[in-house]
S.K.: 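This is the structure I have questions about; it appears just below.
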Amino acid sequence: MRLKRFAPLLAAAGLIATTVPLLTATQVSAAPVADHLKQKPAWHRCSSEQPAAYECATLKVPLDYRRPDGRTIDLAISRLKSDNPAKRHGAMLFNPGGPGGSGLDLPLLMNEAMPKDVRDQYDLIGFDPRGVGASSPISCGMDDAEQNFDRPYRPETFASDVTWARTIAEKCREKSGAVLPYITTRNTARDMDTIRAVLGERKISYVGYSYGTYLGAVYSQMFPERTDRFVLDSGVDPQKIWRGMIQVWATEAEPAFARWTQWAAERSTEYQLGDTPKAVSDTFWGLVERADREPIDFEGQKVDGDLIRTARGVFFYPSQATPLIVALKAAAEGKPVPPGVDPAELKRLLAGGRAAEPATDNGTAAFWAVVCGDTGNWPRYTEQYERDAAKDKIKYPLYGDFASNIKPCAFWDRPVESATPMHKRANVLTVQNEWDSQTPLSSGQGLHRALKGSRMVLAAGGEGHGVYLFDPGSCANAPVNSYLATGRLPAEDVTCQNPPAGAGRLDSVPPSKPLPFPGGPGRF
């Protein structure tokens, strides 16, 4: 395939609006074996503080796979080998989500969590995706405030939202413009295949969470003959990348909110938020209106109505959402936080359950690189974002305006490649909780539909983002372990009933469950 040398520059200048055609796996592999596929990892102990068996290496991979002999970047990888060679099946790679999540330490974490009959079969392989962590990390020079994209729509502040979005795009272009077009899911999938090749494996197995499900799906389409046992947990709908995946946070928060009002109404004696779902809803929206008039002083933090709405994710967890609203209501009335409630935990919930951003902007920079660079279907006109945000604020009042408001992708350079079509059969296992705040059920079902030949394991009643090994009691663990141990997909989709959630009393607020990833997963 002959590529026009200056097409990306012309597109960036706005002189043309075309994208470079897709490079197929056949076209990439038809050329003579490139140098990056011949390298041998120089394994060494990752750290004196970690087990000697945990090894690290750094590969050199092409920045642009169309020019395999051109500029290279680093790709940090790690491994824990199977200690049972007689049972070894192959290599298993991992991705924690993001985009922008580090996966280098995942072998250590998965080694502890996996059952022995599964663990023995694999060399566990971690890696930091290109542009992330130890893999030639990128930066846009963003400060903490600039990294926050939870921006409510208000007519009087929309111009400043546009300025923020344009500024982020310009900063990213200035700081990392030479590599930014190549920090994409398709190139990360190619990096995964490079890892496969240098490890000497004919196929690879894989467990990917959240954004990692889309990465795994893309790999399965680009390299179907090299796709072995793939588990795609908490699915991203390929038809919704990426603006639609942010907007689905708004559409699916509404049924979760309705479920919460029912849950709280059934416990009105305990929480006194209302004895009907409507009464609970009125209490909540009254609190939002009160906070908009005068921010609530909550443990030294000023909480306005918009900040309360950004906590839309907690309504997928009734036993966590209820103490938060009760505590905010008490603060608004000048009362102390109820006994037995941890204010620090409630502040975390108020932030949507996310951990604080790291001191560097690397994760956020990588997030925008992928979300904006994977697809060219972001609107280019600011007026459309304003119309959509105003409409969705009414249609999905909890989070609709945040989701549809303008993002840096409106000002991003056109992608180097188009998004990956999902046309090929993929014999993979998708896994989903019914109540997932980041990749909701509708998104997981979309991934399952897109991958012909896939099977789905649905944990009915399951709460939380991430299923397999996140919750030792999840009913989904057994069918996933069976698939990874045998390679046999279930004969049909599996729906199992998760154990019921705890009572969620104010005097027994459950501590936040630590995620099996350093720093927790990314936004997807």
Side-chain angles (χ1 to χ4, degrees), residues 7-20 22 99 140 142 146-173 177 180-181 183-186 211 214 236-253 310 312 364-421 439-440 442-443 446 523-524:
L9 296 177
L10 294 173
L15 299 178
I16 61 174
T18 59
T19 57
V20 176
L22 292 174
C140 296
M142 291 178 275
E146 288 172 329
Q147 293 189 60
N148 178 27
F149 72 68
D150 276 332
R151 308 180 78 86
Y153 171 71
R154 297 179 182 272
E156 65 272 20
T157 59
F158 183 70
S160 66
D161 295 337
V162 172
T163 298
W164 163 79
R166 181 183 288 110
T167 298
I168 298 305
E170 290 174 348
K171 279 191 167 188
C172 289
R173 198 174 294 120
L180 212 59
I183 308 298
T184 64
T185 301
R186 285 179 64 82
Y211 162 72
Y214 181 64
V236 166
D237 185 347
Q239 301 302 315
K240 293 184 183 297
I241 62 162
W242 281 109
R243 191 181 187 218
M245 278 304 303
I246 295 175
Q247 289 174 318
V248 82
W249 294 343
T251 62
E252 301 310 305
T310 64
R312 53 94 201 165
T364 306
F367 175 85
W368 289 125
V370 172
V371 167
C372 301
D374 266 359
T375 174
N377 62 6
W378 286 89
R380 311 298 285 188
Y381 302 101
T382 61
E383 294 83 0
Q384 182 171 342
Y385 292 95
E386 184 168 28
R387 288 194 302 268
D388 291 349
K391 175 190 67 178
D392 287 346
K393 187 169 188 174
I394 297 171
K395 192 172 183 180
Y396 309 110
L398 203 59
Y399 196 75
D401 53 324
F402 293 95
S404 292
N405 205 353
I406 195 162
K407 305 294 185 290
C409 306
F411 304 101
W412 216 259
D413 292 345
R414 293 289 186 180
V416 173
E417 293 185 86
S418 300
T420 305
T439 52
S442 64
S443 173
R523 292 182 173 91
F524 293 110

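Keep in mind that this is a model prediction, so the values were computed, not measured.
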S.K.: Mind checking whether W378 and Y385 have parallel, tilted or perpendicular rings, split at 30° and 60°?
M.R.: parallel

S.K.: Nearest 0.5 Å, what's the CZ-NZ distance between R387 and K391?
M.R.: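 If we round to the nearest 0.5 Å, R387:CZ and K391:NZ are 9.5 Å apart.
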
S.K.: How many angstroms lie between atom NZ of K240 and atom OG1 of T439, to the nearest 0.5 angstrom?
M.R.: 13.0 Å

S.K.: If we ignore angles and hydrogens, is there a donor and acceptor under 3.5 Å between the side chains of T185 and Y211?
M.R.: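 Yes.
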
S.K.: Does anything in residues 372-421 form a disulfide (SG to SG under 2.5 Å)? List the pairs, not counting sequence neighbours.
M.R.: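 As it turns out, the disulfide (SG to SG under 2.5 Å) pairs with a partner in residues 372-421, which skip direct neighbours, are C372-C409.
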
S.K.: Among all residues two or more places apart in sequence or in another chain, which pass the salt bridge (Lys or Arg N to Asp or Glu O under 4.0 Å) test with R380?
M.R.: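 Per chain and number, R380 pairs via salt bridge (Lys or Arg N to Asp or Glu O under 4.0 Å) with no residue.
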
S.K.: With distance as the sole test, does W249 use its side chain to make a donor-acceptor pair with the main-chain N or O of R312 at under 3.5 Å?
M.R.: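 Here the side-chain-to-backbone pair does not exist.
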
S.K.: Quick one: OG1 on T251 to CG on L398, what's the gap to the nearest 0.5 Å?
M.R.: 11.5 Å

S.K.: So, does W164 use its side chain to make a donor-acceptor pair with the main chain of E146 at under 3.5 Å?
M.R.: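 Yes; at least one donor-acceptor contact below 3.5 Å.
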
S.K.: Test your reading of the model: is there a side-chain donor-acceptor pair from N377 to the backbone of I241, 3.5 Å cut-off?
M.R.: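 Side chain of N377 to backbone of I241: a pair is present.
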
S.K.: Do the ring planes of Y399 and F402 sit parallel (below 30°), tilted (30 to 60°) or perpendicular (above 60°)?
M.R.: parallel

S.K.: Counting distance only, does the side-chain N/O of S443 pair as donor-acceptor with the main-chain N or O of D237 below 3.5 Å?
M.R.: yes

